[in-house]
Q: 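Supplied in structure tokens, the structure appears directly below.
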Amino acid sequence: MSTPETFTATCSLHGEEVLAQELRRMGLQRVVAESGSVRFSGPLRDGLKACLWSRAASRVLLRLCRFEAMDADALYEGVAALPWTEHLSPDGTLRVDFVGRSLAIRDERFGAQKVKDAIVDSIRSRLGRRPNIDREEPDLIVNAHLRNNLVTISLDLSGDSLHLRTPGRQIGMAPLKETLAAHVLLQADWPRRARAGESLIDPMCGSGTFALEAAGMALDSAPGLVRTRFGFTRWLGHDGAVWSELVAEAWERSRAGANEPCRIHARDIDPSAVSMAEQNAYGLGLSGIEFSCQPFEDMRPVGDRPGLIVANPPYGERLESTETAEAIYRSLGNTLRQQMLGWDAFILAPMGRVSHSLGLKPRARHLVFNGPRECRLLEVAISETAPIRMRSDDVPC
Ligand SMILES: C[S@@+](CC[C@H](N)C(=O)[O-])C[C@H]1O[C@@H](n2cnc3c(N)ncnc32)[C@H](O)[C@@H]1O
């Protein structure tokens, strides 16, 4: 049997445990959460499977080697020693993504330049010609990561970040990244709830990111099926037969899943947001989501049992003043307590006191990054009808 490969799936800080759980459920092996990433190992097929099926990962990297580089020459030598002609032809194109610094390599552009020089020199010394650089659509993306003088060289199997999976995506003022929406839904155990017949409501859907991710999960549709290109597509080591098998399997599952009921309700007070969300669902070929223009204050239970509410209310500098945000959270809390008793809610909230206005005591608080902003994800079991007064020591996660 061939030696297993080592892969790194990257995510935002705080996203590691949810991503690790997602990868384990996919059947991947030796899954270990690290800081801002999850490592796993197995045959190449497992890395391709993660590219096709993971909703929480941003990138999937295939590790080529790790070595100590105390200075730029050691970095060059370590990279040049790899068999690059197995990965890229001299007629191909290359990009190097370099992350990290050390005392000797203080600038990421300088690090990237050294790695690039080592790769093209190595190919030229064997084949007489060298590949060109293409920053936009290269045939191969090499990822170099430097920490504590240790360099890890990997191939980026994903190419464009994996959150880019909604063709022609229409976006409103503050769209969530698909990977964060998926993280929230996985944290809320939505795939199991969907199988158990629960409904999902997003009362402030904007461009519909929660609803689209939730529908993809409920209908067993692989997020990578709509992408035409990955980082491995023009890699010389790509195993087209294994990929075709995985894609055929995913289509099979998606055909079977299309018969599943889709109990997903996406609403927004703004008709243009609802229309964007509908167009995004159409672009993904997802049917069955119920979209409507409605203020969240009109929310009522749907289905034959309590279900899940996910919400990304407007907040923060970009959207509202703190007072307006507090009024929205207060009103949302009142609506949930008075009209949605028995349901569970996962609500994104900014750091600070705004979330107090909800008047709901969270069962758990999780930290997440929404782009560069650290936020709270409040997990609430709606069991009280009267508002709870939060103490200041209830705030920290
Ligand atoms: C931060 S955005 C949601 C973004 C969304 N998660 C996405 O990925 O595009 C907040 C949304 O809340 C909506 N909204 C604000 N007040 C509302 C209300 N009273 N009822 C329903 N929707 C409301 C806004 O129109 C806006 O689309």
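As the structure is a prediction and not an experimental result, all values here were calculated from the model. For ligands, and for the atoms within them, numbers begin at 1 and follow the listed sequence. All values below come from the heavy atoms of this structure, side chains included, with hydrogens, waters and symmetry mates left out.
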Q: Ring pair (Phe, Tyr, Trp, His ring centres under 6.0 Å) between His87 and Trp84: does it pass, once the steps are laid out?
A: CA-CA 5 Å; His87 301 295; Trp84 289 106; 5.7 Å; yes

Q: In terms of side-chain geometry, is the basic nitrogen of Glu213 or Arg165 positioned less than 4.0 Å from the acidic oxygen of its partner?
A: yes

Q: Would you say Arg63 and Arg39 make side-chain contact, with heavy atoms under 4.5 Å?
A: yes

Q: Residue-level breakdown please: for Arg267 versus ligand 1, do any non-hydrogen atoms fall below 4.0 Å on the side chain, on the backbone, on both, or on neither?
A: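 None of Arg267 does.
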
Q: May I ask you to list the atoms of ligand 1 that are less than 4.0 angstrom from any heavy atom of Asn312?
A: 1 (C), 2 (S), 3 (C), 4 (C), 5 (C), 6 (N), 10 (C)

Q: Which is it for Cys205 and ligand 1 at heavy atoms under 4.0 Å: side chain, backbone, both or neither?
A: backbone

Q: Check each atom of ligand 1 against the heavy atoms of Pro203 and keep those under 4.0 Å away; list them by number with element.
A: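 Close to Pro203: 21 (C), 22 (N).
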
Q: Looking at Glu297, which atoms of ligand 1 are within less than 4.0 Å of one of its heavy atoms?
A: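 Answer for ligand 1: 19 (N).
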
Q: Side chains of Val142 and Asp97: does their closest heavy-atom pair fall under 4.5 Å?
A: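 A side-chain contact under 4.5 Å is absent here.
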
Q: Going by the atom numbers of ligand 1, which of them fall below 4.0 Å from some non-hydrogen atom of Pro314?
A: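 By the 4.0 Å cutoff, the relevant atoms are 10 (C), 12 (O), 15 (C).
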
Q: Purely on distance, is any nitrogen or oxygen of Asp268 under 3.5 Å from one on ligand 1?
A: yes

Q: Tell me who clusters with Leu13, hydrophobic residues only, linked when side chains sit under 4.5 Å apart either directly or through other members.
A: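 In the cluster with Leu13 are Phe369.
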
Q: Take every heavy atom of Gly172, measure it against each atom of ligand 1, and state whether any distance is under 4.0 Å.
A: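 No, that is not the case, since the closest heavy atom of the residue is not under 4.0 Å from the ligand.
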
Q: With side chain to side chain donor-acceptor pair (under 3.5 Å) as the criterion, how do Arg59 and Thr10 come out once you've worked through the C-alpha distance, each side chain's angles and the decisive distance to 0.1 Å?
A: CA-CA 5 Å; Arg59 295 186 175 279; Thr10 67; 5.4 Å; no

Q: Quick check on contacts: which atoms of ligand 1 are under 4.0 angstrom from a heavy atom of Ser207?
A: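 Those atoms are 7 (C), 8 (O), 9 (O).
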
Q: Hydrogens and angles aside, do Ser35 and Glu16 bring a side-chain donor and acceptor to less than 3.5 Å of each other?
A: no

Q: Can you find a pair of side-chain heavy atoms, one from Val368 and one from His183, that are under 4.5 Å apart?
A: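 A side-chain contact exists here, since the closest heavy-atom pair is under 4.5 Å.
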
Q: Who are the side chain to side chain contact (heavy atoms under 4.5 Å, CB included) partners of Pro90, not counting sequence neighbours?
A: Ile123, Leu127, Arg129

Q: Using distance alone, decide if ligand 1 has a nitrogen or oxygen within less than 3.5 Å of any nitrogen or oxygen in Asp270.
A: no

Q: Using a strict 4.0 Å threshold on nitrogen-to-oxygen distance, state whether Arg193 and Asp344 make a salt bridge.
A: yes

Q: Give the atom numbers and elements of ligand 1 that come within less than 4.0 Å of a heavy atom of Ala174.
A: 1 (C), 4 (C)

Q: Does ligand 1 have any atom that is closer than 4.0 Å to a heavy atom of Gln294?
A: yes

Q: Please confirm whether Leu176 comes within less than 3.5 Å of ligand 1 when only nitrogen or oxygen atoms on both sides are compared.
A: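 Among all N and O atoms of Leu176, at least one is under 3.5 Å from an N or O of ligand 1.
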
Q: Could you tell me, atom by atom, which parts of ligand 1 come under 4.0 Å of a heavy atom of Pro295?
A: 20 (N), 21 (C)

Q: Purely on distance, is any nitrogen or oxygen of Ile269 under 3.5 Å from one on ligand 1?
A: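 For ligand 1, there is an N or O atom that lies under 3.5 Å from one belonging to Ile269.
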
Q: Counting only heavy atoms, which portion of Ala181 has something under 4.0 Å from ligand 1: side chain, backbone, both, or neither?
A: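 Near ligand 1, Ala181 shows nothing, with every heavy atom at 4.0 Å or more.
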
Q: Are any of the N/O atoms in Phe296 less than 3.5 Å from those in ligand 1?
A: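 Yes, Phe296 has an N/O under 3.5 Å of an N/O on ligand 1.
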
Q: I want to check something: taking the side chain as every heavy atom from C-beta on, are Pro301 and Trp343 in contact at a cut-off of under 4.5 Å?
A: yes

